[in-house]
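Only one structure is covered here, and it is reproduced in the block below.
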Amino acid sequence: MGDTSGYFSMPYTAEYEAEVAISVDDFMRPSNVGLSYSKQSVLNRGRKGGRSANLPNKGHDQQSFYHLQHRYTKMFSWPIIAIMIGILFVLVMFRGFALPRMATGTKASDQNFEELDGLSSTESRLDEKFNARIPRVIIKKNHERTENIGMVFRQKVFDTLQGFLLQVSRHSHLRDDGSGDAKGKSEDTVSSVHKQHEVYHNFHHFIKTYAEMQKTFKVYVYKDGYKPLVHAAKTGGIYATEGLFLKRMDDPGNRYTVSDPTQAHMFLLPYSVRQLVDFIQDPYSRSMRPLKTFIANYVERITSKYPYWNRTRGADHFFVSCHDWAPLSTILHDELHNNSMKVVCNADLTANFDIQKDVSIPQAVKGGNQSELDIDNLPPGKRDYLAFYAGQMHGLVRPVLIQHWRGKDSSMKVYEVLPPEIAKNISYAQHMKRSKFCLCPKGFEVNSPRIVEAILSGCVPVIIADNFVLPFSNVLDWSKFSITVEEKDIPNLKRILTNVPDGTYRSMQSCLKYIRRHFVWLEDQEDTQYDSFHMTMYSIWRQSLNLKNKLEVFQGHILPTEN
């Protein structure tokens with residue numbers, strides 16, 4: 001049996017409480033997608049100018065103070081300031097604020113109180129020859145105890161302050177819009193925060209584990225092979241995810257990659273199925289034989305040159321692809337096909353996708369900068385179409401949709417390819433922005449770029465693809481912002497959609513803005529947190545933990561027994 005000690009002895013956990021506050025703050029910051037920096041600057045200047053234009057004639061300093069007083073005295077008062085100063089004093093006395101530090105290689109942070117409460121005099125027992133040092137040891141332990149309690153207390157205060165500031169910021173935004181009375185604005189603010197948490201299965205667990213992933217997870221990218229067959233892929237079109245992922249992983253500033261393979265938890269096979277199809281596939285043939293042969297030979301080269309594959313028979317290796325052929329491209333190499341992690345868009349349970357080890361990712365609309373879909377979205381009340389679909393007639397499901405709904409109902413805008421005479425007046429993107437629901441039927445495969453297009457357009461996705469494992473479904477609760485319809489229920493589609501209560505629809509539509517960041521590839525290096533790349537890495541990390549935690553199953557069912 002191969003040696004697995006190197007892989008399974010690597011530490012995964014670390015205390016990350018001091019980083020959680022920063023991560024939560026980054027997460028709460030709204031994405032800049034759909035609003036340029038110049039436009040935001042104009043809006044900011046407009047708000048400030050609007051308030052200062054009517055001020056009495058005062059000096060510049062007096063006007064600045066008057067502006068601040070006018071804006072913030074409703075939020076702060078002297079008693080509140082005194083309380084905050086008192087809290088700051090307590091934090092400094094506990095040394096938790098003055099000396100924040102991260103301890104590595106220790107027990108999980110959620111055990112801090114149990115560990116502190118479990119401290120007893122037996123831990124401080126020393127041999128008689130060290131009795132003279134007991135007072136010093138006790139003082140040291142009390143000092144460490146105070147520091148630990150201070151750090152935990154600081155975290156609780158920071159969490160409370162962050163929630164308060166989030167609600168204040170949203171209340172301020174609603175106040176600037178000038179819509180509704182004060183009570184309604186406050187209720188909307190609380191509801192908004194609640195909805196933002198609702199779209200996740202466990203919001204706080206996600207934030208904490210995401211921070212841990214960023215601190216601990218490491219990937220080694222094999223350098224073997226030559227461009228353009230490996231280490232290269234296009235970053236545009238419906239398969240852009242492959243190229244965008246490889247581009248991020250090759251970035252020298254990427255926090256996840258390591259140059260030393262002994263420090264890696266997972267290993268990336270840096271090929272793109274779409275790239276191989278373009279370069280080695282016969283364009284007049286549907287045979288996948290050249291593609292399968294190249295991938296099998298590339299993996300054999302890796303296994304013969306490095307020891308890492310043989311330790312786990314490829315279970316700690318993965319590849320990323322959004323091409324339709326990705327799940328079947330591995331079939332000529334048994335260990336790659338059965339053991340390795342597939343990070344794919346075509347997450348079909350009937351096509352060798354294993355929810356215990358594989359990862360489902362979204363299909364990007366285009367590379368880098370986002371399209372016009374995420375700009376000037378209409379609110380629910382101004383969306384005059386019930387549902388919309390336009391696309392090629394791939395597979396077996398879309399023809400059924402066309403048969404039942406094309407030209408049958410004015411509220412159901414269902415087409416094949418959007419007719420030119422209609423497109424010249426109302427484009428594809430405008431149809432999505434004017435529709436309440438966007439239909440996302442499967443084509444040849446279960447995945448569709450329309451899901452991301454719908455999310456960016458503020459159009460609730462209606463997923464019509466049986467056996468489809470939705471992207472990031474281990475984190476996101478898709479029932480909060482989408483509808484899944486079984487393929488057999490296409491004839492009842494309008495009844496299903498019209499039976500959705502208006503309040504439920506509005507809640508779904510409002511939730512889209514909270515998860516849209518997870519489905520785009522952001523380019524600003526200082527503002528990429530929680531985007532599609534980081535969410536993909538998080539999903540890979542989660543599955544690698546499942547692999548590590550199932551050592552007995554892993555050894556019994558993947559590694560062959562030595563004769």
How long is the span from the [atom1] atom in [X] to the [atom2] atom in [Y], to the nearest 0.5 Å?
X: Leu456; Y: Ile451; atom1: CG; atom2: CD1; answer: 12.0 Å
X: Asn346; Y: Asp358; atom1: CG; atom2: CG; answer: 11.0 Å
X: Arg542; Y: Met537; atom1: CZ; atom2: CE; answer: 14.5 Å
X: Leu497; Y: Ser411; atom1: CG; atom2: OG; answer: 9.0 Å
X: Met535; Y: Asn474; atom1: CE; atom2: CG; answer: 7.5 Å
X: Trp405; Y: Leu493; atom1: CH2; atom2: CG; answer: 6.5 Å

Close side-chain approach of [X] to [Y], heavy-atom, < 4.5 Å:
X: Val460; Y: Phe481; answer: no
X: His518; Y: Leu476; answer: yes
X: Ser457; Y: Leu512; answer: no
X: Leu328; Y: Met288; answer: yes
X: Met393; Y: Val417; answer: no
X: Thr536; Y: Phe472; answer: yes
X: Met266; Y: Met341; answer: yes
X: Glu453; Y: Cys459; answer: no

>> Checking Cys322 now: which residues fulfil disulfide bond (SG atoms under 2.5 Å apart) with it, not counting sequence neighbours?
In response: Cys345
Using modelled atom types only, decide if a donor and an acceptor are shared between the side chain of [X] and the backbone of [Y] within a distance under 3.5 Å.
X: Gln275; Y: Val230; result: no
X: Ser507; Y: Thr504; result: no
X: Ser427; Y: Gln430; result: yes
X: Arg383; Y: Gly458; result: yes

> What pairs with Leu349 under side-chain contact (heavy atoms from CB on, under 4.5 Å), at least two apart in sequence or on another chain?
Replying inline: Phe353, Ile355, Asn467, Val469
>> Ile496: which residues meet the side-chain contact (heavy atoms from CB on, under 4.5 Å) condition with it, sequence neighbours left out?
In response: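 Here the qualifying residues are Val485, Asp489, Asn492.
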Closest heavy-atom contact between [X] and [Y]?
X: Lys480; Y: Asp477; value: NZ-OD2, 2.8 Å
X: Pro461; Y: Ile455; value: CG-CG1, 4.0 Å
X: Gly243; Y: Ala233; value: CA-CB, 3.5 Å
X: Glu242; Y: Ser321; value: OE2-OG, 2.6 Å
X: Met249; Y: Leu268; value: CG-CD2, 3.9 Å

>> side chain to side chain contact (heavy atoms under 4.5 Å, CB included) for Val343 and Phe319? Distances and angles first, verdict last.
In response: CA-CA 6 Å; Val343 183; Phe319 68 93; over 6 Å; no
>> Before you tell me yes or no, could you show the steps for His337 and Asn352 under side-chain hydrogen bond (donor to acceptor under 3.5 Å, both in side chains), namely the whole-Å CA-CA distance, both residues' side-chain angles and the distance that decides it to 0.1 Å?
In response: CA-CA 8 Å; His337 188 65; Asn352 198 43; 3.1 Å; yes
> Do we get Lys413 above Phe388's six-membered ring, with its NZ or CZ under 6.0 Å from the centre and within 45° of the axis?
Replying inline: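 No, Lys413 does not sit over the ring of Phe388.
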Check the orientation of [X] and [Y]. Use parallel for under 30°, tilted for 30 to 60°, and perpendicular for over 60°.
X: His323; Y: Trp325; value: perpendicular
X: His265; Y: Phe217; value: parallel
X: Tyr530; Y: Tyr210; value: parallel
X: Phe206; Y: Tyr200; value: parallel
X: His197; Y: Phe203; value: parallel

>> Between the side chains of Asp251 and Arg248, is the shortest nitrogen-to-carboxylate-oxygen separation below 4.0 Å, so that they form an ion pair?
In response: no
> Can Lys442 and Asp466 be counted as an ion pair, charged N to O under 4.0 angstrom?
Replying inline: no
Take atom [atom1] in [X]; do more than 12 heavy atoms of anything else shown fall under 6.0 Å from it?
X: Leu396; atom1: CG; result: no
X: Lys342; atom1: NZ; result: yes
X: Lys247; atom1: NZ; result: no

>> As a quick check of understanding, evaluate side-chain hydrogen bond (donor to acceptor under 3.5 Å, both in side chains) for Gln543 and Gln356, giving each step before the final call.
In response: CA-CA 7 Å; Gln543 291 292 54; Gln356 298 299 321; over 6 Å; no
> Is a side-chain donor-acceptor pair under 3.5 Å present for Thr209 with Tyr538?
Replying inline: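 A pair is found: one side chain offers a donor N or O, the other an acceptor, under 3.5 Å apart.
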> Do Thr528 and His534 have side-chain atoms, one donor and one acceptor, less than 3.5 Å apart?
Replying inline: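 Yes, a side-chain donor-acceptor pair sits under 3.5 Å.
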> Please walk me through it: do Lys234 and Asp278 pass salt bridge (Lys or Arg N to Asp or Glu O under 4.0 Å)?
Replying inline: CA-CA 10 Å; Lys234 296 178 181 178; Asp278 288 346; 3.5 Å; yes
>> Looking only at the aromatic ring of each residue, does the gap between the centers of Tyr389 and Tyr415 stay below 6.0 angstrom?
In response: no
> Do Tyr385 and His431 have ring centroids that are under 6.0 Å from one another?
Replying inline: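 Between His431 and Tyr385, the centre distance is under 6.0 Å.
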>> Could you work out, with side chain to side chain donor-acceptor pair (under 3.5 Å) as the rule, every residue matching Ser285, not counting sequence neighbours?
In response: none
> Excluding sequence neighbours, so at least two apart, what forms side chain to side chain donor-acceptor pair (under 3.5 Å) with Thr484?
Replying inline: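 Listed in chain order: nothing, the list is empty.
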>> Using the rule given for side chain to side chain contact (heavy atoms under 4.5 Å, CB included), can you reason through Leu246 versus Tyr271, listing the C-alpha separation, both sets of side-chain angles and the distance that settles it, and then say yes or no?
In response: CA-CA 8 Å; Leu246 291 178; Tyr271 65 81; over 6 Å; no
> Run the salt bridge (Lys or Arg N to Asp or Glu O under 4.0 Å) check on Asp531 and Arg517 step by step: do they pass?
Replying inline: CA-CA 5 Å; Asp531 75 345; Arg517 169 178 283 266; over 6 Å; no
>> Phe444: which residues meet the ring-ring contact (aromatic ring centres under 6.0 Å, His included) condition with it, sequence neighbours left out?
In response: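 So Phe444 forms a ring-ring contact (aromatic ring centres under 6.0 Å, His included) with His394.
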> Between Asp348 and Phe468, does a side chain to side chain contact (heavy atoms under 4.5 Å, CB included) hold up when you go through it step by step?
Replying inline: CA-CA 5 Å; Asp348 188 348; Phe468 184 23; over 6 Å; no
> Checking side chain to side chain contact (heavy atoms under 4.5 Å, CB included) for the pair Val344/Val359: CA distance, chi angles, key distance, verdict?
Replying inline: CA-CA 6 Å; Val344 293; Val359 172; over 6 Å; no
